[in-house]
Amino acid sequence: MSTARPHTGTGIRLNAPAPGWAITADVVVVGSGVAGLTAALRCAAAGLATVVVTKARLDDGSTRWAQGGIAAALGDGDTPEQHLDDTLVAGAGLCDEEAVRALVTEGPGAVRRLIDTGARFDTSESGDIALTREGGHHRRRIAHAGGDATGVEISRALVEAARDAGLRTIENALVLDLLTDADGRTAGVTLHVMGEGQHDGVGAVHAPAVVLATGGMGQVFSATTNPAVSTGDGVALALRAGAEVSDLEFVQFHPTVLFLGTDSEGQQPLVSEAVRGEGAHLVDASGTRFMLGQHELAELAPRDIVAKAIMRRMREQGADHMYLDARHFGARMWEQRFPTILAACRAHGMDPVTEPVPVAPAAHYASGGVRTDLRGRTTVPGLWACGEVACTGVHGANRLASNSLLEGLVFAERIAADITSAVRPGSAAAPGSAVPPADTAGTLLPLIDPAVRADIQRIMSHGAGVLRSAASLTEAAAALEAVHRKAADGGPDGGRTKPAEPGVESWETSNLLCVARVLTAAALAREETRGCHWREDHPDRDDAAFHHHLVVRIAPDRSLLVTRTESTAFPPTALREQ
Ligand code: SIN
């Protein structure tokens, strides 16, 4: 029987029943976007028994929503060095240059390997990959597919490859907590599966290597481009497991999200930067282009600059949105180049062929996440992270457009190489016939009533959104604390009614509350404006005081500990012999 226990580095874990079933693998990959499936396919190809655990269906994560594409120095005259320069500028002084160098030099090869896996990118008449531009790029270097359906195609290719490879997958599975062995090292994960036959309810995958590729946390805000599954589960699990997270205050707000009204909540339709890359203009209600003169790249300035310019114009004019004008594309170009966006606009009663469409910034991407080194190792031995859940140091204070799919690919390959050299096939402890008992020594988090999810989102959008200040963040922190306290006291009304039940919605809400609290603490501590972190009370970048990363972890007394570091990379964690 295994000695694995569902306890974590901090002793804190979600309030879930003990696992009722268990399976064994060499590697468990949590998440099935570009990062997760790439890591899993490479590990499996190297002979490691690999299991992919994913929250919904295999193609339901953020990857399939990516419109613009994947950036890599693939075009004539472009070089990794130029891609590096653009990435460093967007990152506003906080990129880890070594990580960016790995991204841009390994990127073109990783994209070619993705093509070998089956992904089909749009080509020009000459048959070369057609490349477009997006904000912050001085070159045409964004490969796209199906016009504006890049993520759908990448997801299709990887899911098909996973099926062809016979990769073992568990769908509709919410990961709960990290399992550790008697020596405190990673031994797998606990998870909750809904309706998957023999594996149903809470169970465990025992494995000496766990890769987090759970995607983002956009659902912590009221309006986001992220799908419903993006509830920060990976970051919250990692924190409970004792890992460090970094740069969480740097939430990227995409400048051009279709504006559906101030009350519109949840996932909102994205209007890709590629639309501006092809020449669309941002205008106010009077039709005036307001990006001219603000930046040499005008509408193609880095994303934070465009988002701030939109917010400023909205504030000056008392408007709740601006407009994107691409009528000059004509119907044919809209239909061929941007079919997804055209359909989304028309579904909401707007026609970009004949009218400027309303847009406003919305939460889009977490530039920070679980802190990793260049091999994707987190600060917890045996736990790796890649994709949006990770903070590799590539994005700094602001991700360059279309660098995220590339980061997922490159760092997933690096992780697979590292795991392959560190894990011996068949080295997981067998689960045996009995399942491990629940650890009672730790602290079970209070069950959170899923009804407070909307409150958390409103608190975050109001206090920790595009515009932040000490006052707004302090108010948000206090409101989040109150939500936590009420849950700890036995429910939204202090225990007078039945407390929340254990279940997916409550665990997700718990994860959202956790990442909201950490994000707010980091945003409060960073008293400057940099990249996508905009403090109204500290409007300037302050290199003397803040040219460093903020690292957060849960301290032994269970409080949040915020520390500073020059680099996101850290001294390599010694991976013990497997
Ligand atoms: C977009 O198409 O504008 C989004 C691309 C990205 O977030 O990198």
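We're numbering straight along the sequence, starting at 1. All ligand and atom numbering here is 1-based and tracks the order in the structure.
With S62 contributing its side chain and N226 its backbone, the two residues share no donor-acceptor pair below 3.5 Å.
Ring planes of Y323 and H321: perpendicular class, angle over 60° (limits at 30 and 60°). Using cut-offs of 30° and 60° on the angle between ring planes, the pair F329 and F338 is parallel.
A274 does not count as a contact of ligand 1, since none of its heavy atoms falls under 4.0 Å from the ligand.
The existence of a salt bridge linking R327 and E355 is excluded, since no basic side-chain nitrogen approaches an acidic carboxylate oxygen closer than 4.0 Å.
At a cut-off of 3.5 Å, with distance as the only test, no side-chain donor of E413 or T38 sits close to an acceptor on the other residue.
Distances below 4.0 Å separate heavy atoms of A401 from the following atoms of ligand 1: 8 (O). Atoms of ligand 1 lying under 4.0 Å from any heavy atom of H364, numbered from 1 in the order shown and given with element: 4 (C), 6 (C), 7 (O). The H254 neighbourhood of ligand 1 comprises atoms 1 (C), 3 (O), 4 (C), with distances under 4.0 Å to a heavy atom of that residue.
When only non-hydrogen protein atoms are considered, atom 4 (C) of ligand 1 lies nearest to R303 NH2, 3.5 Å. The nearest heavy-atom contact from the protein to atom 2 (O) of ligand 1 is S272 OG, 2.6 Å.
At least one side-chain heavy atom of I70 sits less than 4.5 Å from a side-chain heavy atom of F121.
Close N/O approach between E273 and ligand 1 is found [any backbone or side-chain N/O within under 3.5 Å]. An N or O contact shorter than 3.5 Å is missing between V271 and ligand 1 by distance.
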